[in-house]
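One structure below.
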Amino acid sequence: MKKLMIIVCAVAITALMGCGKDGDTGPQGEQGPQGPAGTNGTNGVNGTNGTNGNANVKLFMFGPTTFTSTSTSENYDINKLFVPQNMMDSSMTLVYVNHAGYWVPVPGSYSTVPSFQLNYTISSVTTVSPFIQNWHRFCITIFDSDFSPYSSVNRTFDKTKILIVPASNYTGNRHSGVNFNNYEATMKHFGLPLD
């Protein structure tokens with residue numbers, strides 16, 4: 001019986017201790033001293049360069065043009081809706097013509113007999129018929145090899161390609177590792193069709 005009383009008393013004391021109210025939270029202790037800095041990790045391996053994209057490169061293709069001694073220039077118009085003025089102002093322009101089955105850059109000097117020169121200019125043009133439109137006008141002009149007015153045989157160019165390349169798509173100069181006078185290398189660089 002004595003043992004039973006001791007057990008009952010112990011249980012009662014334990015129950016009374018468990019029912020007590022929690023005290024208030026004490027003040028926060030001071031921050032301990034800073035531990036030593038960890039060692040630097042090793043640098044990761046550089047990733048490989050991605051392939052050049054052409055998302056912003058604009059390509060315009062025009063059909064055959066024949067130059068004669070009396071018709072020495074041809075206009076190629078690109079609507080400013082497709083190439084806004086600010087894009088044109090900050091882009092590299094590349095022009096190629098297909099002559100006798102070969103793509104050649106403009107401007108350039110060509111040694112086919114008789115030899116000749118090609119050059120181009122860009123101007124801004126507004127037309128009002130049938131409604132107002134603004135254009136970038138590329139004017140390609142043919143010359144004799146000494147840059148005098150063209151006086152030789154008729155020359156037909158099967159196609160003309162004009163590329164508008166924003167500065168973000170090349171390194172900021174015409175010497176970015178690609179020979180832009182090489183039509184095939186340029187098309188491959190920008191992932192564009194060769195024909």
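- T65 and Y76 share a donor-acceptor pair across their side chains, judged by distance under 3.5 Å alone.
- Residue pairs that meet the salt bridge (charged side-chain N to carboxylate O under 4.0 Å, His left out) test with at least one member in residues 96-112, sequence neighbours left out, do not exist here.
- Residue pairs satisfying the salt bridge (charged side-chain N to carboxylate O under 4.0 Å, His left out) criterion with at least one member in residues 186-195, sequence neighbours excluded, are listed as follows: E184-K188.
- Legend: residues meeting side-chain contact (heavy atoms from CB on, under 4.5 Å) with T39, ordered by chain and number and at least two apart, are absent.
- Applying the salt bridge (charged side-chain N to carboxylate O under 4.0 Å, His left out) definition to pairs two or more places apart or across chains, none involves residues 149-166.
- Residues forming a side chain to side chain donor-acceptor pair (under 3.5 Å) with S123 (at least two apart in sequence, or on another chain): none.
- Contacts of S111 classified as side chain to side chain donor-acceptor pair (under 3.5 Å), with partners at least two apart in sequence or in another chain: none.
- Within a 6.0 Å radius of CZ in F147, other residues, nucleotides and ligands contribute more than 12 heavy atoms.
- Applying the ring-ring contact (aromatic ring centres under 6.0 Å, His included) rule to F157 yields the partners F67, H99; only residues at least two apart in sequence or on another chain are considered.
- Applying the salt bridge (charged side-chain N to carboxylate O under 4.0 Å, His left out) rule to pairs touching residues 83-105 yields nothing, sequence neighbours excluded.
- The 12-atom threshold is not exceeded at CD1 of I132, counting heavy atoms of other residues, nucleotides or ligands nearer than 6.0 Å.
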Exercise answer: donor-acceptor pairs, residues 136-144 side-chain atoms, under 3.5 Å, sequence neighbours excluded:
from : atom 1 : to   : atom 2 : distance (Å)
H136 : NE2    : V83  : O      : 2.6
R137 : NE     : D77  : OD1    : 2.7
R137 : NE     : D77  : OD2    : 3.4
R137 : NH2    : D77  : OD2    : 2.7
D144 : OD1    : S151 : N      : 3.1
D144 : OD2    : S151 : OG     : 2.7

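- For the pair P114 and V153, the tightest heavy-atom approach, listed with the atom from each and the gap, is CD-CG2, 4.3 Å.
- In terms of the side chain to side chain donor-acceptor pair (under 3.5 Å) criterion, residue partners of T68 (sequence neighbours excluded) are, by chain and number, T70.
- Remark: W135 pairs with no residue by the ring-ring contact (aromatic ring centres under 6.0 Å, His included) rule, at least two apart or across chains.
- Taking the side chain to side chain donor-acceptor pair (under 3.5 Å) definition, one finds that S69 meets it with nothing, sequence neighbours left out.
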